[in-house]
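I have placed the structure first, in the form of structure tokens, so that the comments after it can refer back to it.
Residues: numbered from 1 along the sequence shown.
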Amino acid sequence: MKLKHTFSLLLTLCSALAIAQTNWKPDDSKGFTAHDPVMIKEDNTFYLFTTGGGMAKSTDLENWTRIDPVPSKLEWVTEDIIPNYRRGYWAPDIQYLDGTYYLYYSPSAFAKNTSAIGVMTNKTLDQNSPDYKWTDHGMIVQSIPGRDFWNAIDANVVFEKKWGGKVTGWLSFGSFWGGLKLVKLDSTMTALAEPQEWYTIAKQERTFGMPDTDPGDGTIEAPFIYKRHQYYYLFVSTDYCCRGLDSTYKTLVGRSRDIRGPYFDKEGKPMYAGGGTLVAEENEEFAGIGHCAVYDFDGKTYFVAHGYDKDDKGHSKLVIKEIEWDRAEWPTVKF
């Protein structure tokens with residue numbers, strides 16, 4: 001069973017790479033091809049970033065134009081960090097603070113937690129501007145097989161703003177193994193704060209007895225923390241991505257008044273103990289939906305994710321839906 005699981009996961013990860021490598025092929029009429037999408041708005045333009053360095057823009061969140069990709073040749077990734085590394089990265093996150101755009105990203109290796117999270121910065125996302133230039137600040141954190149029971153991929157950064165204007169950056173990340181982590185950043189937003197401050201914010205049950213170097217079957221990844229009123233909402237993905245029509249990806253959510261957690265679902269179950277309230281899953285259009293981000297644009301809250309299109313052989317498509325909030329301030333997404 002262990003061998004079967006590892007082989008299955010390897011196929012999953014290989015599928016993810018295949019999707020990343022095809023990101024730049026033309027999209028069909030049924031949807032915009034994207035994997036692990038995140039976005040941000042600069043002036044009147046929305047910019048989309050995806051696994052593999054893909055970048056696109058839109059003025060209406062419906063019609064997207066692909067533009068030059070973000071540089072994906074990472075000089076700091078050595079054989080000591082990721083053996084047999086080829087190039088590229090997974091699952092970016094884009095943030096803006098005080099005149100600077102921060103792009104967090106994860107070079108990694110298949111079926112191993114031989115992974116790292118790095119960050120690039122830019123002053124603008126307008127590729128026609130003379131100020132458009134990505135500056136790579138290198139590695140923030142690294143996971144090492146046998147040493148770390150977590151995986152340094154799927155980065156998301158949230159800025160905690162306190163009275164007096166002080167801003168603290170928090171990096172959430174993780175996939176499989178021991179679940180999702182949260183660690184404090186320093187004031188540059190490009191390195192960990194010292195002394196270091198770490199939390200486990202969510203995980204799923206894992207079969208006892210698997211070696212620490214095995215990803216395991218605790219299927220959780222892709223954290224995204226969103227602040228609304230008095231709550232921080234933690235969105236996560238569970239079950240399996242990247243299997244086309246056989247994908248079982250789901251999106252769950254919990255919330256906390258403290259960014260450090262603990263996060264609880266609608267029924268009061270902690271997310272560090274397998275909790276999570278369902279937000280999105282298989283429906284008539286998609287076999288699975290996950291790796292989401294959540295944003296406020298022009299007075300509305302949007303759910304951004306990728307789904308496996310049932311009408312197009314399970315190819316990964318961009319999903320953008322408006323979030324509705326119930327009276328108890330829990331999010332719902334209608335398909």
Side-chain angles (χ1 to χ4, degrees), residues 4-5 7-23 27-28 30-39 48 50-52 54 90-93 106 108 110-111 151 153-154 156 174-176 179-180 202-206 215-224 233-254 265 271 274-294 302-323 331-335:
K4 180 180 178 183
H5 166 73
F7 180 70
S8 177
L9 182 62
L10 182 60
L11 288 179
T12 296
L13 293 170
C14 287
S15 297
L17 180 65
I19 291 171
Q21 290 176 334
T22 59
N23 253 355
D27 301 288
D28 64 29
K30 294 182 179 180
F32 188 84
T33 304
H35 200 76
D36 306 331
V38 291
M39 66 175 63
L48 180 77
T50 64
T51 277
W90 302 350
D93 183 48
S106 305
S108 188
F110 298 136
N151 194 10
I153 65 171
D154 293 357
N156 167 245
S175 177
F176 287 75
L180 308 182
K203 57 183 177 181
Q204 292 284 301
E205 184 178 356
R206 172 186 168 100
D217 51 4
T219 60
I220 189 167
E221 59 188 12
F224 192 95
Y233 291 82
L234 172 61
F235 293 82
V236 304
S237 296
T238 61
D239 292 338
Y240 293 95
C241 77
C242 315
R243 298 180 175 185
L245 294 176
D246 293 325
S247 301
T248 56
Y249 232 15
K250 297 179 179 65
T251 302
L252 309 180
V253 70
D265 66 16
M271 294 187 76
T277 297
L278 184 66
V279 176
E281 63 177 343
E282 180 182 6
N283 54 52
E284 292 182 357
E285 293 181 78
F286 301 104
I289 299 173
H291 208 110
C292 85
V294 178
Y302 290 93
F303 172 87
V304 179
H306 70 254
Y308 298 94
D309 191 347
K310 288 185 175 180
D311 292 327
D312 189 20
K313 302 178 182 179
H315 289 162
S316 179
K317 299 297 180 64
L318 176 64
V319 176
I320 301 177
K321 296 285 185 179
E322 187 176 347
I323 288 180
T332 59
V333 179
K334 295 181 179 179
F335 287 86

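A donor and an acceptor atom, one from each side chain of H315 and D309, are nowhere located under 3.5 Å apart.
How far CZ of F224 is from CG of L234: 11.0 Å, rounded to the nearest 0.5 Å. Atoms OG and OH, on S316 and Y308 in that order, are 5.0 Å from each other to the nearest 0.5 Å. Here OG1 of T219 is found 8.0 Å from NZ of K250. Values are rounded to the nearest 0.5 Å. Note: L318 CG to M39 CE = 5.5 Å, rounded to the nearest 0.5 Å. Atom CD of E285 and atom CG of D312 lie 12.5 Å apart (nearest 0.5 Å). Atom CD of residue Q204 and atom CZ of residue F176 lie 10.5 Å apart, to the nearest 0.5 angstrom.
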Exercise for review: For side-chain contact (heavy atoms from CB on, under 4.5 Å), just list the numbers for V294 and I323, CA-CA rounded to whole Å, side-chain angles, deciding distance to a tenth of an Å, and then say yes or no.
Suggested key: CA-CA 9 Å; V294 178; I323 288 180; 3.7 Å; yes

Exercise for review: Tell me, with the steps shown, if I220 and L180 meet side-chain contact (heavy atoms from CB on, under 4.5 Å).
Suggested key: CA-CA 8 Å; I220 189 167; L180 308 182; 3.9 Å; yes

Exercise for review: Kindly indicate, with the supporting measurements, whether the criterion side-chain contact (heavy atoms from CB on, under 4.5 Å) is fulfilled by C242 and Y249.
Suggested key: CA-CA 9 Å; C242 315; Y249 232 15; over 6 Å; no

Practice item. Could you check V319 against K317 for side-chain contact (heavy atoms from CB on, under 4.5 Å), going step by step and ending with a plain yes or no? Key: CA-CA 6 Å; V319 176; K317 299 297 180 64; 5.5 Å; no

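Salt-bridge formation is not detected for the pair R206/D217: no Lys NZ or Arg NE/NH1/NH2 atom is positioned less than 4.0 Å from an Asp or Glu carboxylate oxygen.
Counting all heavy atoms, side chain and backbone alike, I289 lies closest to A305 at CG2-CB, 4.0 Å. The two atoms that bring G307 and F286 nearest to each other are C-CD2, 3.5 Å, heavy atoms only. S237 approaches A222 most closely through the heavy-atom pair OG-CB, 4.0 Å. Taking each heavy atom of V236 and A202 in turn, the nearest pair found is CG1-CB, 4.5 Å. Nearest approach of C241 to S247, heavy atoms of both residues: C-OG, 3.9 Å.
Aromatic ring orientation, F303 versus F335: perpendicular (interplanar angle above 60°, classes split at 30° and 60°).
Looking at residues two or more places apart in sequence or on another chain, you find a side chain to side chain contact (heavy atoms under 4.5 Å, CB included) between S175 and N151, I153, D154, E221.
Here the side chains of P331 and V253 are in contact, with some heavy-atom distance below 4.5 Å.
The closest donor-acceptor contact from the side chain of H35 to the backbone of T51 lies at 3.5 Å or more, if one exists at all.
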Check residues 275-282 and write down every donor-acceptor pair under 3.5 Å in which the side-chain atom is one partner and the other belongs to a residue at least two apart or another chain.
unit_1 : atom_1 : unit_2 : atom_2 : d
T277   : OG1    : K266   : N      : 2.8
E282   : OE2    : K310   : NZ     : 2.9

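For E205, the CD atom sits in a loose shell: 12 or fewer heavy atoms of surrounding residues, nucleotides or ligands are nearer than 6.0 Å.
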